**Q** 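Handing you a structure now.
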There are 2 protein chains.
Amino acid sequence: MGTLSDQNAGTRRTTLSRDRVLRAAIAYADANGIESLSMRSLANELDVVPMALYKHVANKEDLLDGMVEIVVGEIDQAAATGEWKHDVRLRILAARAALLGHSWSRPVLESRGAMTPAMLSYLDALTGLFLAGGLSVDLTHQMMHALGNRMWGFSQELFAATPPKDAETLKAQKAALPAHYPNLAEIAKAAMHSDPASRRAPGCDDQAEFEFALDLLLDGVGRLQAHR
Amino acid sequence: MGTLSDQNAGTRRTTLSRDRVLRAAIAYADANGIESLSMRSLANELDVVPMALYKHVANKEDLLDGMVEIVVGEIDQAAATGEWKHDVRLRILAARAALLGHSWSRPVLESRGAMTPAMLSYLDALTGLFLAGGLSVDLTHQMMHALGNRMWGFSQELFAATPPKDAETLKAQKAALPAHYPNLAEIAKAAMHSDPASRRAPGCDDQAEFEFALDLLLDGVGRLQAHR
DNA sequence: TGCCTAGGTGTACGGCGTACACCCCTTCTT
DNA sequence: AAGAAGGGGTGTACGCCGTACACCTAGGCA
């Protein structure tokens with residue numbers, strides 16, 4: 001009567017899994033704020049000892065990566081109508097909606113290298129919408145950077161970060177990129193050609209891209225003013 | 001011969017001060033990365049015991065606030081020429097340059113409420129340039145939000161955060177705002193009138209502002225494409 | 001039957017921010 | 001000149017964090 005003891009609170013807990021851990025972490029962060037999410041508090045939530053989590057996530061960084069990966073994966077991918085401006089608008093507003101549902105997710109996402117599969121997939125889809133709409137590769141490239149920049153002068157968007165990490169794996173995944181993310185691959189290739197030797201990501205001129213976006217905004221508002 | 005012992009490394013250290021602490025912290029973060037800046041490492045750098053720092057900064061948050069405050073204060077305030085687009089452009093590129101000099105500063109700044117005097121002063125000056133250029137108060141308001149938003153759909157810019165904190169002090173500083181930051185006060189007042197009951201900062205519709213900026217960018221790039 | 005291994009446990013370490021009680025040296029008062 | 005006051009550096013200690021490492025244990029497979 002006592003040996004299979006702990007049926008303590010009625011619900012017998014299913015065994016842990018990476019997915020269960022990540023979703024519990026998301027729920028906990030939603031409810032209690034990201035700053036009070038620790039390996040210990042999360043373990044406690046799952047009625048488990050802290051070290052048990054490490055059988056499912058490599059470390060806390062990996063936990064956070066997994067959390068944003070799920071949130072980004074939940075972005076609604078509406079079907080394209082063919083009007084690129086409308087489609088892009090919808091996709092971006094869907095992303096916004098998904099992230100607003102978890103208030104911790106934006107800072108966490110931004111604090112990280114963030115180039116996870118879900119993220120790349122989102123960016124690739126967006127890029128594809130521009131290209132399908134007839135924008136040139138260059139213009140699409142600029143636009144993607146414009147969308148990622150914050151324009152106070154507080155720049156450096158979501159790319160960059162985490163430089164090589166491991167020359168082997170980097171080269172391998174770069175080779176695999178076109179297959180999974182054809183649109184990203186296309187603008188990457190074009191950028192590489194136009195400016196072979198450059199500082200950060202191949203062929204990207206941060207300063208020029210920042211100024212492009214800034215001018216787009218300034219010209220846009222100038223035009224609005226001119227039209228009264 | 002021994003009692004006034006420690007003239008240890010030649011340079012007798014001057015006494016600490018808030019400014020010396022903050023500048024040492026900036027130098028340390030520049031050299032070693034923000035993630036290895038701790039109260040202990042900083043104290044060690046200053047040949048002092050960790051708790052000594054607390055006589056000059058309230059806590060680590062305050063230390064970080066002070067650091068960005070100095071960096072933001074170093075933004076070059078070029079004289080206005082009267083051509084608002086040019087002036088705004090210059091001011092923003094100056095901000096970018098100032099922040100790029102300290103790679104840790106952008107994430108730190110964004111992680112914080114950030115509404116320090118130097119920050120408000122920068123924003124007020126920028127706002128003033130738009131207003132002086134003849135833009136309407138409403139358009140200026142929208143533009144300021146557009147500049148603060150990041151357009152992946154990963155929104156919520158630099159405003160918001162830290163809601164009341166202390167109803168007393170809040171009301172006091174709101175009353176003092178027009179004197180120090182007249183331009184900010186003007187758009188705040190206008191926003192308040194147009195939409196008396198609203199969720200976050202008085203009279204600001206996040207969603208609408210986000211969409212305004214997004215459309216500005218999309219229309220701008222659409223126009224570029226049309227001109228080949 | 002007995003081994004292998006995936007997954008949960010327990011203990012422990014070093015680092016963090018910081019509360020609190022000191023003490024000493026300077027400066028100001030009378 | 002004496003003594004009070006207090007600003008600023010010190011020492012100790014607490015509770016939290018992430019996580020390394022050794023261990024145990026239950027189920028599946030040979």
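All figures in this text were calculated on a predicted structure; none of them were measured in a lab. Chain naming here is simple, since letters A, B, ... match the order of the sequence lines and numbering starts at 1 in each.
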**Q** Suppose we call a contact any N or O donor and acceptor under 3.5 Å apart; does that hold for the side chain of B:R40 and the base of C:dG15?
**A**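 For B:R40, whose side chain was compared with the base of C:dG15, there is no donor-acceptor pair (under 3.5 Å).
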**Q** C:dT9 C1' sits how many Å from A:N44 CG, rounded?
**A**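 One finds 15 Å between C1' of C:dT9 and CG of A:N44, rounded.
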**Q** Just so I know, are the side chains of B:V71 and B:W104 near enough to count as touching, which here means a heavy-atom distance under 4.5 Å?
**A**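 Of all side-chain heavy-atom pairs linking B:W104 with B:V71, at least one is under 4.5 Å.
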**Q** Looking only at the side chain of A:A52 (C-beta and beyond, no hydrogens), which of the listed nucleotides C:dT18, D:dT10, C:dT9 gets closest?
**A** C:dT9
**Q** Distance from B:L147 atom CG to A:L218 atom CG, nearest 0.5 Å?
**A**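 Here the interatomic distance stands at 7.0 Å.
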**Q** How many Å lie between CZ on A:R18 and P on C:dG7, as a whole number?
**A**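 Roughly 13 Å, once rounded to whole Å.
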**Q** Is there side-chain contact between A:I92 and A:R96, with heavy atoms separated by less than 4.5 Å?
**A** no
**Q** For the pair made of CD1 in B:I34 and P in C:dC16, what is the distance, rounded to whole Å?
**A** 14 Å
**Q** Distance check needed: C:dC16 P versus B:L37 CG, whole Å only.
**A**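 Answer to the nearest Å: 10 Å.
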**Q** Mind checking the CG-NZ spacing from A:D65 to A:K60? Nearest 0.5 Å is all I need.
**A** 12.5 Å
**Q** Taking for each residue the nucleotide of DNA chain C bearing the nearest heavy atom, is the 5' side occupied by B:K55 or by B:A58?
**A**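 That would be B:A58.
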**Q** Among D:dG18, C:dG17, D:dT10, find the nucleotide with the atom closest to the side chain of B:Y54.
**A**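 The answer is C:dG17.
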**Q** C:dA6, OP1 or OP2 - any side-chain N/O from A:H56 closer than 4.0 Å?
**A** no
**Q** Using atom CG of B:L42 as one end and atom C1' of C:dT18 as the other, report the distance to the nearest whole Å.
**A**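 Atom CG in B:L42 sits about 15 Å away from atom C1' in C:dT18.
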**Q** Starting the side chain at C-beta, find the nucleotide from D:dT10, D:dT19, C:dT18 nearest to B:V48.
**A** D:dT10
**Q** Pick the closest DNA chain D nucleotide for A:M51 and for B:L53 by heavy atoms, then say which residue is nearer the 5' end.
**A** B:L53
**Q** What nucleotide, of C:dT9, C:dT18, D:dT10, holds the atom closest to the side chain of B:P50?
**A** C:dT18
**Q** Report the C-alpha distance between B:M143 and B:L216 in whole Å, list the side-chain angles of each, state the deciding distance to 0.1 Å, and finish with yes or no for side-chain contact (heavy atoms from CB on, under 4.5 Å).
**A** CA-CA 10 Å; B:M143 193 58 187; B:L216 218 52; 4.3 Å; yes
**Q** Between C:dT9 atom P and A:L16 atom CG, what is the distance in whole Å?
**A**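 Roughly 9 Å, once rounded to whole Å.
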**Q** In whole angstroms, how far is the P atom of C:dG17 from the CD atom of A:E35?
**A**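 These atoms are roughly 17 Å apart.
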**Q** What is the distance from CG of A:N32 to C1' of D:dC16, rounded to the nearest Å?
**A**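 The distance from CG of A:N32 to C1' of D:dC16 comes to 17 Å, rounded to the nearest Å.
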**Q** Does B:K60 reach a base, just sugar-phosphate, or nothing at all? Heavy atoms under 4.0 Å.
**A**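 Counting heavy atoms under 4.0 Å across all strands, the contact made by B:K60 is with sugar-phosphate only.
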